[in-house]
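Below you'll find the structure, written out as structure tokens, and then a few comments.
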Amino acid sequence: MALVYTPEDTCTFDSAADTTYEQFLDILAGLTLTQVSLTIDIDRKRVRRNCEDIELTTQEFALLAHLALNADHAVSRDELFSTVWAHRDLDAQSRTVDAHIRRLRVKLHDRDLISTVRGAGYRLNTSPTVAIIATQARARCIALAA
């Protein structure tokens with residue numbers, strides 16, 4: 001948690017948006033803290049589980065990053081071939097995607113993190129224990145490269 005100081009003279013406040021102390025306490029009571037156990041930092045090309053680095057190959061990280069940037073959406077094998085494996089001479093029958101997904105599941109120690117969506121591809125499932133860190137500029141660059 002970070003505290004940020006903003007001088008009142010640089011901001012315009014709407015008096016209707018004021019929150020009473022009791023309302024603030026109600027908001028705090030509704031919050032829950034969860035411990036993030038997996039962090040995928042796309043900008044730093046770093047993956048950590050419980051504060052320990054997970055060693056991934058360049059291709060494994062590229063695959064995980066692409067799934068993370070499309071979290072909770074199915075990504076087809078064809079899309080993965082055209083983005084993660086672009087400029088490689090692989091055909092649609094290649095099992096390299098399946099093999100890399102299998103290795104990621106083992107290395108991440110979470111078989112439910114990446115789901116196989118029958119007929120659609122693969123999906124990275126988010127949860128409160130998974131943090132994905134990516135600046136918007138980085139996400140746009142990856143999307144443009146796709």
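These numbers come from the heavy atoms of this one structure, side chains and all, not from hydrogens, waters or symmetry mates.
- At a threshold of 4.5 Å between non-hydrogen side-chain atoms, the residues Val36 and Val130 do not count as touching.
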Worked check of side-chain contact (heavy atoms from CB on, under 4.5 Å) between Tyr122 and Asp98: CA-CA 9 Å; Tyr122 296 97; Asp98 306 319; 2.3 Å; yes
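- Between Ile42 and Ile132, some side-chain heavy-atom pair lies under the 4.5 Å cut-off.
- For Asn125, the side-chain hydrogen bond (donor to acceptor under 3.5 Å, both in side chains) partners two or more places apart in sequence, or in a different chain, are Ser115, Arg123.
- In this structure Asp41 satisfies the salt bridge (charged side-chain N to carboxylate O under 4.0 Å, His left out) test together with Arg44, sequence neighbours excluded.
- Residues satisfying the side chain to side chain contact (heavy atoms under 4.5 Å, CB included) criterion with Tyr21, sequence neighbours excluded, are Leu25.
- Within the 4.5 Å cutoff, side-chain heavy atoms of Leu63 are placed close to those of Leu104.
- Side chain of His73 to main chain of Ala71: a donor-acceptor pair is present (N/O by atom type, distance under 3.5 Å, no hydrogens or angles).
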Leu108 vs Leu38, test: side-chain contact (heavy atoms from CB on, under 4.5 Å). Steps then yes/no. CA-CA 8 Å; Leu108 298 174; Leu38 180 70; 4.2 Å; yes
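- Shown here are the side chain to side chain contact (heavy atoms under 4.5 Å, CB included) partners of Ala62, two or more places apart in sequence or in another chain: Val84.
- With hydrogens and angles ignored, the 3.5 Å screen pairs no side-chain donor or acceptor of Arg111 with any backbone N or O of Arg105.
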After noting the C-alpha distance and the side-chain angles of Ile133 and Thr39, does the key distance pass the side-chain contact (heavy atoms from CB on, under 4.5 Å) rule? CA-CA 7 Å; Ile133 303 169; Thr39 303; 3.6 Å; yes
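- Minimum heavy-atom separation, Ala68 to Ile40: CB-CG2, 4.3 Å.
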Can you list the steps and then say if Glu79 with His66 is a side-chain contact (heavy atoms from CB on, under 4.5 Å)? CA-CA 10 Å; Glu79 181 180 337; His66 190 80; 2.8 Å; yes
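- Partners of Thr20 under the side chain to side chain contact (heavy atoms under 4.5 Å, CB included) rule, at least two apart in sequence or in another chain, are Glu22, Gln23.
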Residues Ser37, Asn50; criterion side-chain hydrogen bond (donor to acceptor under 3.5 Å, both in side chains); working and verdict: CA-CA 5 Å; Ser37 62; Asn50 298 325; 4.7 Å; no
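- Taken to the nearest 0.5 Å, the CG atom of Leu124 stands 7.5 Å off from the OG1 atom of Thr126.
- By the salt bridge (charged side-chain N to carboxylate O under 4.0 Å, His left out) test, Asp53 is found to be paired with Arg46, Arg48, residues two or more places apart in sequence or in another chain being considered.
- Legend: residues meeting side chain to side chain contact (heavy atoms under 4.5 Å, CB included) with Arg103, ordered by chain and number and at least two apart, are Glu60, Ala99, His100.
- Ser127 pairs by the side-chain hydrogen bond (donor to acceptor under 3.5 Å, both in side chains) definition with Thr129, not counting sequence neighbours.
- Remark: Arg102 engages no residue in a salt bridge (charged side-chain N to carboxylate O under 4.0 Å, His left out) (not counting sequence neighbours).
- In this structure, Phe61 and Lys45 approach most closely via the heavy-atom pair CZ-CA, 3.3 Å.
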